[in-house]
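To keep things clear, I will list the structure first and then write my remarks on it.
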Amino acid sequence: MSSARVSIFAAAAAFAHSLWVQPADAAARAKYGGTLRIAFTGPEAPPDPSLADAPSDAAMFRMSYEGLCRWQRGDRLQPVLAAEMAQAGPRAWRISLVDGAKMRGAGALTAHHVAQSWTRLSQQATLSPYRALLYPLRGEGRQLEGSVFSPSLLELSTSFAWPDLLASLCHPALAVAVPTRASGTPTGLGPFVSTSRDELLEQNPNFPLGRPYADRLKIAFVNGRRALRLLSLGQVDIVLGEADKTASIRSPIALYATYLAFKPERTGAEFRGDFESAVDRAQLTQFFAPAASVPMFNLLPPALMPQSATAASPASKRRASAPPLTLLYDQALPEQRLVAERIQVRLHDLGYRIALKPVSRSELRNRWALGQFDLMLHAVLMPPLPAPALAVAIELAGGHQLLASELPAIGAEPEGPRRELKARERAMALAAQLPLIPLYAQSAVLSASPRWYLPFDGQGLPDFDDAFAVGE
Amino acid sequence: MRLRTQLALAFACLAIVPLALVLPWALSNLRRTLTQGFDARVASAMIAAQSVLEQVSKASTVGAEELADSPALEDFAREVHDGRAAPSTTTLGERLMKSRGLSVLSLLDSQGVTLSSGHLPARLGDRDPTLFAAAEQPPGREPMPVMVEVRGDAGPLRLPALVAARAVDYGDTRVWVVAGTLLDSRLAEELSRLTGAEVTIAGSGSTLAHAGAADPPNVEKTIDFPPIARLTFAFSRAPQVSAERGILRAFVLISGLGLLLAVVAGWVVARHLTRPLEALTAATRELAAGSLGVSVREDSSGEVGDLVASFNRMSAELKSVTERLISSERTAAWQEVARRLAHEIKNPLTPIQMSLETLAAARGGGSAEFDRLFNEGVKAMLEEVERLRRIVDEFSRFARLPKPRLAAVDPAELVRQVLALYPARAEGVRLKTEISNGMTVQADRDLLTQVLMNLLKNADEAIGGEGEIAVRVRRHPDGVALEVQDSGPGVPAEHRSRVFEPDFTTKPDGSGLGLAIASRICQEHGGRLELDAPAGGGALFRLVLPASPER
């Protein structure tokens, strides 16, 4: 991928953004009410925010689940469930929760709910690469109950200096999701709440950021072609996860990063070199990856780090005795199948015999946690800052122990730009060491009717609570 | 072999021979008919298979032509010309391929680079020289057999396919539509289902697809797509062989049943035919055993009935003749006895007469020798009277020989007892015994003892106090043999036929009745007394008695 291509995508993103500036200007004319009809083209995602590995899944979760804060455009941190987030010392933070926020089926929001939601990421059964976001906390965020000082007060302290802690805590994977006894689906506190009808979400009048513009969201689970047809017929307003030729919009920032994780002891030491010589990322994103994808040459997505395409690797020799390998991918993501097939075919030319195995997302995450894979396509939503993003990438590569040496060094830089620079340098340095091959970064893509205004947040996810019907 | 068995076998042969003659011919005809039917079916199946492959070939051509003329390809060519990469390019080939029922579809640019692939979408962007070769063929050619890469479990698989290519031009941009059908397991299954054969598609030295099953033995036919693939159709001859075997089995079963029926029928007919013959045989045996006048019931007709009637007449005549003969013999015997008796009595009478005449002459002449002559004459007459008395006793005993009182007797034990009772022998006599145990005869113990004593006495006299006497008891084909053999001079050949006659003797003072009585006792026991002349000389008397049934 050349830098010219990166600039093309950046220009496209800016163009798309500009298209939506006009409705934003029209926000003065925003009015309350109406039903936002949404068609969702993917399979229903598991009820776990930390498994929202596709932008459309995260967008769906954003409707009903919210974290302490939200990363808004312009690098602005907006508290949502937190009333106040203040630094109480060099390594201490004091977070008080909003009063009166009630979750359906779980009572009032408490600090225990927050701690419980975060602790899940470190538990063996639900181990997640996003636990790296909590790594700087004392005890690596595993004993958060000790940080709860009252039902509405959370006092956090870090093991080392980590100025990006609050930004990390705004990550959607750290949204509050509390298991309920009534059903297996955890409950949360988002702008919309579920009703007795699965496809209908009503606005949450107690949402801390205020009442959403739309009265309700109506969700239809259909396939892509039908969704676009419904859009063209005016029967839905938004199609999540499917790009239409005329009504396609994408978020301005591509933070969904897809990697190829591998086990060097299974693939052989030459695998990275063979991959680089066989697979062209530009072709991968042009033909096989989702439409709103950009090639990713470095450990961090282009949005967080200027991409330096490596020089084309010399063609590798055909391996006479490459071991048979299995490439696991997410069965819920059709594009991952295309990408997996492309990798299979290109590496086949070098003598690799790679079987493809689609698995459910929860099994994929479980196999990752247990290290039971040869090759695995893994998508994660990167935080919008380089340092936390690097932490997630290292964790994803199975380098949990490496975090102890890498993060304190980065967090020691008090200045934001210098810290980001340091994180990028370390990303460059670690790229060749970690058994993780970056493939592409993806932004949320959707097709929308011009009758509705839908902004994106700083994480690149749509803000449904700020969506409103554009007046005549 | 009995007649009944022979007849049953004859019937069986009559039943089996025609079947044995017909079976090879029938089987040969059957095999020829089945083979002709099988060959016709194979030929028909191969025509059907060829037809399917022609349809496949045609479908490739038609598919390529229809796609080349379709608006979708026109739009695609325009997009390529404009340099726009449609997001749907990746899936376009697969969509178009499935909509046309094809299994191979590649859209190539003028350099042979894959713009979209239906059979292996992951090849998008790669050069495909194999399919591009099909595109470079002269127009109007038949679909070309090529090896195509398709999706496989562990990477692309190479399978044979028939592909046709058509060009789509938009401005100076040319897009090649290469469409075709894989010669894969689906086609193999279709061909197998259609032909009923086991279909194997092979190429590059390995089996690429396989469908159906054909039990051996097989007949194989092939269709070649040089140089990449060969379709082999294996038609099972197992049903034909099974039918042949079934019919052969039925033949064998029918033959077996026929044979059984023939044997039963033969046995029944033979039984009907042989019953009077068997009755005749039994009557003949009885007749031979001495049952004169035996007759067979005359319930047969025809030749067998005549035979039975003739037998009965013969038996009756034989009885009549035998009775007359016996009567004549009895008369002759009595005449002989009378003659003998007269002769024996006449001999003493002469000395008596002479003595009386001498005494009378001496008394009349007043001879001084009278007393001496009287004493000598009286003595001589008393001797002759004694002799007469003895003769009369002998004849009396011969005439009054009692009927034997039969009882189970162990011959070995009897012989040992007789030898024990036998008087002490001279020093030069050697007695040798060979006695087998475990036999029983029905006999009068006293009479048998008398016979043995008589034989031992004769042997003792024959060797004259110097020689060997052997006594044996052994099994004999007719029962039990008791033998007494001596090492004496033996019986001259001219006398052997007469030794058992009542008046025959070679001894100066013999009565000639000893062996006659012994022989008669043997006959009364149902046995016989034989004289034999052993190779080493001497005489051998063998008493053969029927053995008692073993307990």
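In what follows, chains carry the letters A, B, and so on, assigned in the order in which the sequence lines appear, proteins first and then strands, with residues in each chain numbered from 1.
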Task: Within 6.0 angstrom of B/Arg41 CZ, more than 12 heavy atoms from elsewhere - done: yes
Open item on the list: Keeping A/Arg342 on the side-chain end and B/Ala122 on the backbone end, is there a donor-acceptor pair under 3.5 Å?
Closed with: yes
Open item on the list: I'd like to know which of B/Pro121, B/Gly155, B/Ala154 tops the heavy-atom pair count under 4.5 Å against chain A.
Closed with: B/Ala154
TODO: List the steps, then state whether side chain to side chain contact (heavy atoms under 4.5 Å, CB included) holds for A/Gln286 with B/Leu124.
DONE: CA-CA 10 Å; A/Gln286 185 182 358; B/Leu124 206 160; over 6 Å; no
TODO: Looking only at non-hydrogen atoms, find the nearest pair between B/Pro156 and A/His348 and report the distance.
DONE: CD-CG, 3.1 Å
Open item on the list: Are more than 12 heavy atoms, taken from residues, nucleotides or ligands other than B/Arg230, located less than 6.0 Å from that residue's CZ atom?
Closed with: no
Task: Within 6.0 angstrom of B/Glu65 CD, more than 12 heavy atoms from elsewhere - done: yes
- [ ] Heavy-atom distances under 4.5 Å only: say whether B/Arg123 touches chain A with side chain, backbone, both or neither.
- [x] both
Open item on the list: I'd like to know whether NZ of A/Lys263 has more than 12 heavy-atom contacts from other residues, nucleotides or ligands below 6.0 angstrom.
Closed with: yes
Task: Over all atoms of both residues, closest heavy-atom pair of A/Gln344 and B/Asp153 - done: NE2-O, 3.6 Å
Task: A/Gln283 side chain to B/Gly125 backbone, donor-acceptor under 3.5 Å - done: yes
Task: Shortest non-hydrogen separation from A/Asp349 to B/Glu149 and the atoms involved - done: OD1-OE2, 4.4 Å
TODO: Could you tell me whether A/Arg226 atom CZ has more than 12 heavy atoms of other residues or ligands within 6.0 Å of it?
DONE: no
Open item on the list: Using 0.5 Å steps for rounding, measure from the CZ atom of A/Phe287 to the OG1 atom of B/Thr91.
Closed with: 12.5 Å
